[in-house]
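So you know, we letter chains A, B, ... as the sequences are listed, proteins then strands, and number each from 1.
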Number of protein chains: 2
Amino acid sequence: MDAIGFETHDHHSCIRDGLEAVAGYCATNRLQFTPVRRRALEILLQQHRAMGAYEILDQLREDGLGSQPPVAYRALDFLISHGFAHKIERVNGFIACTHPGHDHTPVFLICRECDAVAETHAEPSRGMLGKAASETGFTIEQAVVEVLGLCPNCAPVAP
Amino acid sequence: MDAIGFETHDHHSCIRDGLEAVAGYCATNRLQFTPVRRRALEILLQQHRAMGAYEILDQLREDGLGSQPPVAYRALDFLISHGFAHKIERVNGFIACTHPGHDHTPVFLICRECDAVAETHAEPSRGMLGKAASETGFTIEQAVVEVLGLCPNCAPVAP
DNA sequence: TTGATAGTTGTTACTTTATAACATATCAAC
DNA sequence: GTTGATATGTTATAAAGTAACAACTATCAA
(Lines give C-alpha, C1' and ligand atoms only; values in the text may rest on other atoms or scores of the structure.)
Protein backbone atom coordinates (compact mmCIF):
# COMPACT_ATOMS: atom_id res chain seq x y z
CA MET A 1 0.00 0.00 0.00
CA ASP A 2 1.16 3.48 -0.67
CA ALA A 3 -0.18 5.62 2.12
CA ILE A 4 2.25 8.26 3.27
CA GLY A 5 2.06 9.90 6.63
CA PHE A 6 2.99 7.42 9.29
CA GLU A 7 6.33 6.12 8.07
CA THR A 8 9.44 8.25 8.24
CA HIS A 9 10.46 9.43 4.84
CA ASP A 10 12.49 12.07 3.02
CA HIS A 11 10.22 14.93 3.88
CA HIS A 12 12.21 17.55 2.00
CA SER A 13 11.81 15.80 -1.29
CA CYS A 14 8.24 15.13 -0.33
CA ILE A 15 7.55 18.87 -0.19
CA ARG A 16 9.64 19.66 -3.25
CA ASP A 17 8.07 16.92 -5.34
CA GLY A 18 4.61 17.99 -4.33
CA LEU A 19 5.21 21.59 -5.33
CA GLU A 20 6.83 20.54 -8.58
CA ALA A 21 4.05 18.19 -9.53
CA VAL A 22 1.44 20.86 -8.99
CA ALA A 23 3.51 23.54 -10.71
CA GLY A 24 3.86 21.25 -13.72
CA TYR A 25 0.19 20.43 -13.80
CA CYS A 26 -0.72 24.10 -13.62
CA ALA A 27 1.70 24.99 -16.39
CA THR A 28 0.30 22.42 -18.80
CA ASN A 29 -3.27 23.24 -17.88
CA ARG A 30 -3.01 27.00 -17.91
CA LEU A 31 -3.86 27.36 -14.26
CA GLN A 32 -2.34 30.24 -12.34
CA PHE A 33 -0.12 28.89 -9.63
CA THR A 34 0.11 32.23 -7.83
CA PRO A 35 2.27 33.03 -4.79
CA VAL A 36 -0.65 32.69 -2.37
CA ARG A 37 -1.66 29.34 -3.81
CA ARG A 38 1.89 28.10 -3.93
CA ARG A 39 2.59 29.13 -0.38
CA ALA A 40 -0.68 27.65 0.88
CA LEU A 41 0.22 24.33 -0.68
CA GLU A 42 3.72 24.51 0.74
CA ILE A 43 2.32 25.13 4.22
CA LEU A 44 0.10 22.09 3.88
CA LEU A 45 2.91 19.96 2.51
CA GLN A 46 5.08 20.76 5.50
CA GLN A 47 2.91 18.60 7.70
CA HIS A 48 1.15 15.33 7.17
CA ARG A 49 -1.67 16.46 9.34
CA ALA A 50 -4.91 18.35 8.93
CA MET A 51 -4.51 22.09 9.39
CA GLY A 52 -7.25 24.61 10.03
CA ALA A 53 -7.89 27.37 7.53
CA TYR A 54 -7.07 30.02 10.11
CA GLU A 55 -3.85 28.27 10.99
CA ILE A 56 -2.85 28.46 7.35
CA LEU A 57 -3.98 32.07 7.22
CA ASP A 58 -1.70 32.90 10.14
CA GLN A 59 1.28 31.63 8.22
CA LEU A 60 0.27 33.42 5.05
CA ARG A 61 -0.04 36.61 7.05
CA GLU A 62 3.51 36.25 8.32
CA ASP A 63 4.65 36.17 4.71
CA GLY A 64 2.56 39.22 3.84
CA LEU A 65 0.41 37.14 1.52
CA GLY A 66 -3.04 38.09 2.69
CA SER A 67 -4.50 38.54 6.11
CA GLN A 68 -8.22 37.98 5.77
CA PRO A 69 -10.09 34.65 5.83
CA PRO A 70 -11.25 34.73 2.21
CA VAL A 71 -7.64 34.69 1.05
CA ALA A 72 -6.98 31.39 2.76
CA TYR A 73 -10.31 29.88 1.80
CA ARG A 74 -9.89 30.86 -1.83
CA ALA A 75 -6.44 29.37 -2.02
CA LEU A 76 -7.77 26.19 -0.43
CA ASP A 77 -10.73 26.12 -2.80
CA PHE A 78 -8.35 26.29 -5.71
CA LEU A 79 -6.15 23.52 -4.36
CA ILE A 80 -9.10 21.30 -3.55
CA SER A 81 -10.99 21.85 -6.77
CA HIS A 82 -7.97 20.72 -8.75
CA GLY A 83 -7.23 17.79 -6.50
CA PHE A 84 -4.07 19.20 -4.93
CA ALA A 85 -5.53 19.15 -1.44
CA HIS A 86 -8.42 17.64 0.48
CA LYS A 87 -10.68 18.74 3.24
CA ILE A 88 -10.94 16.46 6.24
CA GLU A 89 -14.56 17.09 7.23
CA ARG A 90 -14.24 15.33 10.50
CA VAL A 91 -11.83 17.92 11.88
CA ASN A 92 -12.62 20.90 9.65
CA GLY A 93 -9.07 20.76 8.42
CA PHE A 94 -7.11 20.54 5.21
CA ILE A 95 -4.20 18.45 3.96
CA ALA A 96 -2.12 18.35 0.82
CA CYS A 97 -2.99 15.51 -1.49
CA THR A 98 -0.27 12.90 -1.66
CA HIS A 99 -1.33 11.80 -5.13
CA PRO A 100 -1.98 14.97 -7.08
CA GLY A 101 -3.08 14.57 -10.62
CA HIS A 102 -4.73 11.19 -10.20
CA ASP A 103 -8.46 10.98 -10.09
CA HIS A 104 -9.21 9.11 -6.92
CA THR A 105 -11.47 8.42 -3.98
CA PRO A 106 -9.42 9.27 -0.96
CA VAL A 107 -9.48 7.33 2.27
CA PHE A 108 -8.09 9.18 5.25
CA LEU A 109 -6.66 7.46 8.28
CA ILE A 110 -6.79 10.08 11.02
CA CYS A 111 -4.91 9.58 14.27
CA ARG A 112 -6.90 10.95 17.18
CA GLU A 113 -3.79 11.28 19.32
CA CYS A 114 -1.34 13.17 17.13
CA ASP A 115 -3.64 14.37 14.33
CA ALA A 116 -1.48 12.77 11.67
CA VAL A 117 -3.37 11.91 8.52
CA ALA A 118 -2.44 9.24 6.01
CA GLU A 119 -4.13 9.11 2.66
CA THR A 120 -4.86 5.99 0.74
CA HIS A 121 -7.50 5.03 -1.79
CA ALA A 122 -10.65 3.14 -2.38
CA GLU A 123 -12.45 2.12 -5.52
CA PRO A 124 -16.03 3.00 -4.77
CA SER A 125 -17.54 1.54 -7.88
CA ARG A 126 -16.47 -1.90 -6.75
CA GLY A 127 -17.18 -3.54 -3.47
CA MET A 128 -20.07 -2.93 -1.21
CA LEU A 129 -20.20 0.77 -1.76
CA GLY A 130 -20.96 0.38 -5.43
CA LYS A 131 -23.28 -2.49 -4.69
CA ALA A 132 -25.25 -0.51 -2.14
CA ALA A 133 -25.50 2.41 -4.52
CA SER A 134 -26.62 0.44 -7.52
CA GLU A 135 -29.24 -1.42 -5.49
CA THR A 136 -30.80 1.84 -4.34
CA GLY A 137 -30.43 3.50 -7.71
CA PHE A 138 -28.09 6.10 -6.28
CA THR A 139 -25.56 7.71 -8.61
CA ILE A 140 -22.20 8.14 -6.90
CA GLU A 141 -20.39 11.33 -7.79
CA GLN A 142 -17.94 11.69 -4.97
CA ALA A 143 -17.11 9.61 -1.94
CA VAL A 144 -15.14 10.39 1.16
CA VAL A 145 -13.97 7.88 3.68
CA GLU A 146 -12.64 9.10 6.99
CA VAL A 147 -11.31 6.63 9.50
CA LEU A 148 -10.55 7.65 13.06
CA GLY A 149 -8.18 5.66 15.20
CA LEU A 150 -4.58 5.37 16.32
CA CYS A 151 -1.54 5.55 14.10
CA PRO A 152 1.30 3.05 14.70
CA ASN A 153 3.27 5.67 16.61
CA CYS A 154 0.47 6.38 19.05
CA ALA A 155 -0.95 2.86 19.42
CA PRO A 156 -0.10 1.09 22.67
CA VAL A 157 2.80 -1.31 22.19
CA ALA A 158 1.78 -4.86 21.44
CA PRO A 159 1.78 -7.15 24.47
CA MET B 1 -29.86 -3.99 0.67
CA ASP B 2 -31.67 -2.31 3.46
CA ALA B 3 -31.08 1.38 3.07
CA ILE B 4 -34.10 3.50 3.85
CA GLY B 5 -34.56 6.97 2.57
CA PHE B 6 -35.18 6.86 -1.14
CA GLU B 7 -38.05 4.42 -1.44
CA THR B 8 -41.52 5.38 -0.36
CA HIS B 9 -42.50 3.66 2.82
CA ASP B 10 -44.86 3.83 5.78
CA HIS B 11 -43.34 6.88 7.32
CA HIS B 12 -45.66 7.00 10.29
CA SER B 13 -44.64 3.60 11.51
CA CYS B 14 -41.08 4.55 10.68
CA ILE B 15 -41.23 7.42 13.20
CA ARG B 16 -43.16 5.43 15.77
CA ASP B 17 -40.87 2.43 15.57
CA GLY B 18 -37.82 4.61 15.85
CA LEU B 19 -39.09 6.30 18.98
CA GLU B 20 -40.16 3.03 20.51
CA ALA B 21 -36.88 1.30 19.83
CA VAL B 22 -34.96 4.11 21.47
CA ALA B 23 -37.38 4.37 24.38
CA GLY B 24 -36.98 0.67 24.97
CA TYR B 25 -33.23 0.80 24.79
CA CYS B 26 -33.14 3.70 27.23
CA ALA B 27 -35.44 1.92 29.65
CA THR B 28 -33.34 -1.21 29.79
CA ASN B 29 -30.10 0.75 29.97
CA ARG B 30 -31.15 3.30 32.56
CA LEU B 31 -30.73 6.22 30.21
CA GLN B 32 -33.00 9.21 30.64
CA PHE B 33 -35.09 9.64 27.53
CA THR B 34 -36.18 13.15 28.49
CA PRO B 35 -38.69 15.33 26.63
CA VAL B 36 -35.99 17.35 24.89
CA ARG B 37 -34.17 14.24 23.73
CA ARG B 38 -37.34 12.53 22.68
CA ARG B 39 -38.54 15.53 20.73
CA ALA B 40 -35.15 16.04 19.08
CA LEU B 41 -35.20 12.45 17.88
CA GLU B 42 -38.76 12.83 16.67
CA ILE B 43 -37.81 15.92 14.69
CA LEU B 44 -34.98 14.02 13.06
CA LEU B 45 -37.16 11.00 12.36
CA GLN B 46 -39.70 13.16 10.56
CA GLN B 47 -37.31 13.59 7.67
CA HIS B 48 -34.86 11.31 5.97
CA ARG B 49 -32.54 14.19 5.41
CA ALA B 50 -29.74 15.91 7.25
CA MET B 51 -30.95 18.76 9.43
CA GLY B 52 -28.86 21.54 10.92
CA ALA B 53 -28.62 21.90 14.68
CA TYR B 54 -30.19 25.35 14.53
CA GLU B 55 -33.04 24.05 12.42
CA ILE B 56 -33.75 21.48 15.12
CA LEU B 57 -33.39 24.16 17.77
CA ASP B 58 -36.04 26.26 16.02
CA GLN B 59 -38.52 23.43 16.29
CA LEU B 60 -37.64 22.73 19.90
CA ARG B 61 -38.18 26.40 20.65
CA GLU B 62 -41.66 26.27 19.16
CA ASP B 63 -42.46 23.52 21.62
CA GLY B 64 -41.01 25.48 24.52
CA LEU B 65 -38.28 22.91 24.97
CA GLY B 66 -35.22 25.10 25.05
CA SER B 67 -34.19 28.06 23.01
CA GLN B 68 -30.41 28.22 23.20
CA PRO B 69 -27.90 26.30 21.05
CA PRO B 70 -26.48 24.16 23.85
CA VAL B 71 -29.88 22.57 24.36
CA ALA B 72 -29.97 21.28 20.81
CA TYR B 73 -26.33 20.27 20.77
CA ARG B 74 -26.65 18.40 24.03
CA ALA B 75 -29.67 16.48 22.85
CA LEU B 76 -27.83 15.63 19.65
CA ASP B 77 -24.73 14.58 21.58
CA PHE B 78 -26.84 12.23 23.62
CA LEU B 79 -28.51 10.73 20.57
CA ILE B 80 -25.24 10.35 18.71
CA SER B 81 -23.24 8.94 21.59
CA HIS B 82 -25.78 6.16 22.00
CA GLY B 83 -26.07 5.48 18.31
CA PHE B 84 -29.57 6.88 17.85
CA ALA B 85 -28.43 9.52 15.39
CA HIS B 86 -25.47 10.39 13.21
CA LYS B 87 -23.72 13.52 12.15
CA ILE B 88 -23.23 14.04 8.44
CA GLU B 89 -19.94 15.91 8.45
CA ARG B 90 -20.17 16.86 4.86
CA VAL B 91 -23.17 19.10 5.42
CA ASN B 92 -22.86 19.84 9.14
CA GLY B 93 -26.16 18.13 9.63
CA PHE B 94 -27.74 15.36 11.63
CA ILE B 95 -30.03 12.44 10.88
CA ALA B 96 -31.76 9.77 12.92
CA CYS B 97 -30.12 6.40 12.72
CA THR B 98 -32.21 3.90 10.83
CA HIS B 99 -30.66 0.97 12.67
CA PRO B 100 -30.52 1.98 16.31
CA GLY B 101 -29.06 -0.49 18.70
CA HIS B 102 -26.79 -2.21 16.23
CA ASP B 103 -23.11 -1.48 16.33
CA HIS B 104 -22.25 -0.45 12.81
CA THR B 105 -20.16 1.54 10.39
CA PRO B 106 -22.60 3.77 8.60
CA VAL B 107 -22.41 4.64 4.94
CA PHE B 108 -24.41 7.68 3.93
CA LEU B 109 -25.70 8.25 0.44
CA ILE B 110 -26.36 11.98 0.28
CA CYS B 111 -28.36 13.46 -2.58
CA ARG B 112 -26.95 16.83 -3.58
CA GLU B 113 -30.24 17.87 -5.16
CA CYS B 114 -32.83 17.17 -2.48
CA ASP B 115 -30.61 16.56 0.55
CA ALA B 116 -32.14 13.17 1.18
CA VAL B 117 -29.85 10.82 3.04
CA ALA B 118 -29.99 7.04 2.94
CA GLU B 119 -28.03 5.02 5.42
CA THR B 120 -26.49 1.68 4.73
CA HIS B 121 -23.51 -0.17 6.14
CA ALA B 122 -19.99 -1.22 5.52
CA GLU B 123 -17.79 -3.71 7.24
CA PRO B 124 -14.52 -1.83 7.62
CA SER B 125 -12.49 -4.72 8.95
CA ARG B 126 -12.93 -6.49 5.65
CA GLY B 127 -12.15 -5.19 2.23
CA MET B 128 -9.65 -2.59 1.29
CA LEU B 129 -10.25 -0.40 4.26
CA GLY B 130 -9.15 -3.05 6.70
CA LYS B 131 -6.33 -4.05 4.39
CA ALA B 132 -5.04 -0.51 4.10
CA ALA B 133 -5.23 -0.05 7.84
CA SER B 134 -3.46 -3.24 8.74
CA GLU B 135 -0.70 -2.59 6.24
CA THR B 136 0.05 0.79 7.77
CA GLY B 137 -0.37 -0.44 11.32
CA PHE B 138 -3.32 1.86 11.87
CA THR B 139 -5.92 0.86 14.45
CA ILE B 140 -9.43 1.61 13.23
CA GLU B 141 -11.78 2.84 15.90
CA GLN B 142 -14.48 4.50 13.90
CA ALA B 143 -15.11 4.95 10.20
CA VAL B 144 -17.46 7.22 8.34
CA VAL B 145 -18.28 6.93 4.68
CA GLU B 146 -20.11 9.78 3.01
CA VAL B 147 -21.10 9.49 -0.61
CA LEU B 148 -22.35 12.48 -2.56
CA GLY B 149 -24.43 12.06 -5.67
CA LEU B 150 -27.96 11.86 -6.97
CA CYS B 151 -30.79 9.82 -5.52
CA PRO B 152 -33.08 7.91 -7.89
CA ASN B 153 -35.72 10.62 -7.64
CA CYS B 154 -33.34 13.38 -8.70
CA ALA B 155 -31.25 11.49 -11.24
CA PRO B 156 -31.95 12.33 -14.88
CA VAL B 157 -34.21 9.71 -16.42
CA ALA B 158 -32.38 6.97 -18.25
CA PRO B 159 -32.19 7.52 -22.05
C1' DT C 1 -37.67 11.07 54.21
C1' DT C 2 -33.81 13.11 54.00
C1' DG C 3 -29.71 14.12 52.15
C1' DA C 4 -25.87 13.11 48.96
C1' DT C 5 -24.69 12.47 44.27
C1' DA C 6 -24.94 12.28 39.48
C1' DG C 7 -27.16 13.72 35.64
C1' DT C 8 -29.95 17.23 33.05
C1' DT C 9 -31.46 21.78 31.63
C1' DG C 10 -31.34 27.03 31.31
C1' DT C 11 -28.68 30.79 30.09
C1' DT C 12 -24.96 34.06 28.98
C1' DA C 13 -21.34 34.88 26.46
C1' DC C 14 -18.06 33.58 23.33
C1' DT C 15 -15.05 30.96 19.83
C1' DT C 16 -14.37 28.87 15.56
C1' DT C 17 -15.42 28.18 10.85
C1' DA C 18 -16.97 30.02 6.62
C1' DT C 19 -19.01 33.25 3.07
C1' DA C 20 -21.29 37.31 0.62
C1' DA C 21 -20.30 41.33 -1.65
C1' DC C 22 -17.77 44.68 -3.83
C1' DA C 23 -13.60 47.33 -5.05
C1' DT C 24 -9.06 46.87 -7.07
C1' DA C 25 -5.47 44.69 -9.43
C1' DT C 26 -3.38 41.44 -12.66
C1' DC C 27 -3.19 38.23 -16.53
C1' DA C 28 -3.76 36.53 -21.26
C1' DA C 29 -5.26 36.98 -25.75
C1' DC C 30 -6.50 39.55 -29.35
C1' DG D 1 -2.99 48.67 -25.44
C1' DT D 2 -7.74 47.24 -24.79
C1' DT D 3 -10.69 43.99 -23.20
C1' DG D 4 -12.60 40.19 -20.70
C1' DA D 5 -11.63 36.88 -17.37
C1' DT D 6 -9.36 35.67 -13.30
C1' DA D 7 -7.27 36.75 -8.84
C1' DT D 8 -6.69 39.51 -4.66
C1' DG D 9 -7.80 42.88 -0.78
C1' DT D 10 -11.12 44.17 2.45
C1' DT D 11 -15.28 44.85 5.21
C1' DA D 12 -18.76 42.87 7.27
C1' DT D 13 -21.50 39.12 8.68
C1' DA D 14 -23.41 34.41 8.75
C1' DA D 15 -23.32 29.75 10.44
C1' DA D 16 -21.72 26.22 13.52
C1' DG D 17 -20.22 24.95 17.94
C1' DT D 18 -18.68 25.34 23.01
C1' DA D 19 -17.16 26.91 27.88
C1' DA D 20 -18.82 27.91 32.14
C1' DC D 21 -21.88 28.22 35.76
C1' DA D 22 -26.38 28.29 38.03
C1' DA D 23 -30.60 25.84 38.86
C1' DC D 24 -33.29 21.90 38.71
C1' DT D 25 -34.47 16.70 38.82
C1' DA D 26 -33.76 11.85 39.29
C1' DT D 27 -31.79 8.10 41.94
C1' DC D 28 -30.48 5.73 45.72
C1' DA D 29 -28.47 4.79 50.25
C1' DA D 30 -28.84 5.63 55.11
Problem - Any N/O donor-acceptor pair, A:Arg74 side-chain to D:dG9 base, under 3.5 Å - result: yes

Handout entry: Residue-phosphate contact under 4.0 Å: A:Lys87 side-chain N/O, C:dA18 OP1/OP2
Key = yes

Handout entry: 5'-most by nearest nucleotide on DNA chain C - A:Val91 or A:Gln32
Key = A:Val91

Fill in the blank from the handout: Winner on side-chain proximity to A:Tyr73, out of D:dA16, C:dT9, C:dT19, is C:dT19

Practice task
Provide, to the nearest angstrom, the distance between the CZ atom belonging to B:Phe33 and the P atom belonging to D:dT25.
Solution key: 20 Å

Exercise for the section: Specify the separation, in whole Å, of atom CD1 of A:Ile56 and atom P of C:dA18. Expected result: 10 Å

Practice task
Apply side-chain hydrogen bond (donor to acceptor under 3.5 Å, both in side chains) to A:Arg61 and A:Gln68, showing your working.
Solution key: CA-CA 8 Å; A:Arg61 187 181 290 127; A:Gln68 300 304 321; 5.9 Å; no

Exercise for the section: Could you please name the option among C:dT11, C:dA18, D:dT8 that lies closest to any side-chain atom of A:Phe94? Expected result: C:dA18

Practice task
Provide, to the nearest angstrom, the distance between the CD atom belonging to B:Glu55 and the C1' atom belonging to D:dG17.
Solution key: 16 Å

Exercise for the section: Using heavy atoms to find the nearest nucleotide of DNA chain C for A:Arg30 and A:Gly93 separately, return the residue whose nucleotide is more 5′. Expected result: A:Gly93

Exercise for the section: Rounded off to whole Å, could you give me the CD-to-C1' distance for the B:Glu89 and C:dA18 pair? Expected result: 15 Å

Handout entry: Distance test, side-chain N/O of A:Thr34 to OP1/OP2 of D:dT8, below 4.0 Å
Key = yes

Problem - Presence of donor-acceptor pair under 3.5 Å, side chain of A:Tyr54 and base of C:dA18 - result: yes

Exercise for the section: Provide the closest heavy-atom pair for B:Ala75 versus B:Val36 in the form atom of the first, atom of the second, distance. Expected result: CB-CG1, 4.1 Å

Problem - Centroid separation A:Phe108 to A:His86 less than 6.0 Å - result: yes

Problem - Nucleotide D:dA15, atom C1' - distance to CZ of B:Arg90 in whole Å - result: 18 Å

Exercise for the section: May I have the distance from A:Leu57 (atom CG) to C:dT15 (atom C1'), rounded to whole angstrom? Expected result: 16 Å

Practice task
Please state how far atom CZ in B:Phe78 lies from atom C1' in D:dA26, giving the value in whole angstrom units.
Solution key: 14 Å

Handout entry: Residue pair A:Cys151 / A:Glu113, side-chain heavy-atom distance below 4.5 Å
Key = no

Problem - Given DNA chain D, 5'-ward residue of the pair A:Leu65 and B:Asp77, judged by closest heavy atom - result: A:Leu65

Exercise for the section: Please confirm whether A:Tyr25 and A:Phe33 have ring centers closer than 6.0 angstrom. Expected result: no

Problem - Whole-Å gap separating P (D:dG17) and CD1 (B:Ile88) - result: 12 Å

Exercise for the section: Ignoring the backbone of B:Gln68, work out which of D:dT10, C:dT9, C:dT12 is nearest its side chain. Expected result: C:dT12

Exercise for the section: Please determine, for the side chain of B:Ala53, which listed nucleotide (D:dA19, D:dT10, D:dG17) has the closest atom? Expected result: D:dG17

Exercise for the section: Return no unless some side-chain N or O of A:Asn92 is found under 4.0 Å from OP1 or OP2 of D:dA16. Expected result: no

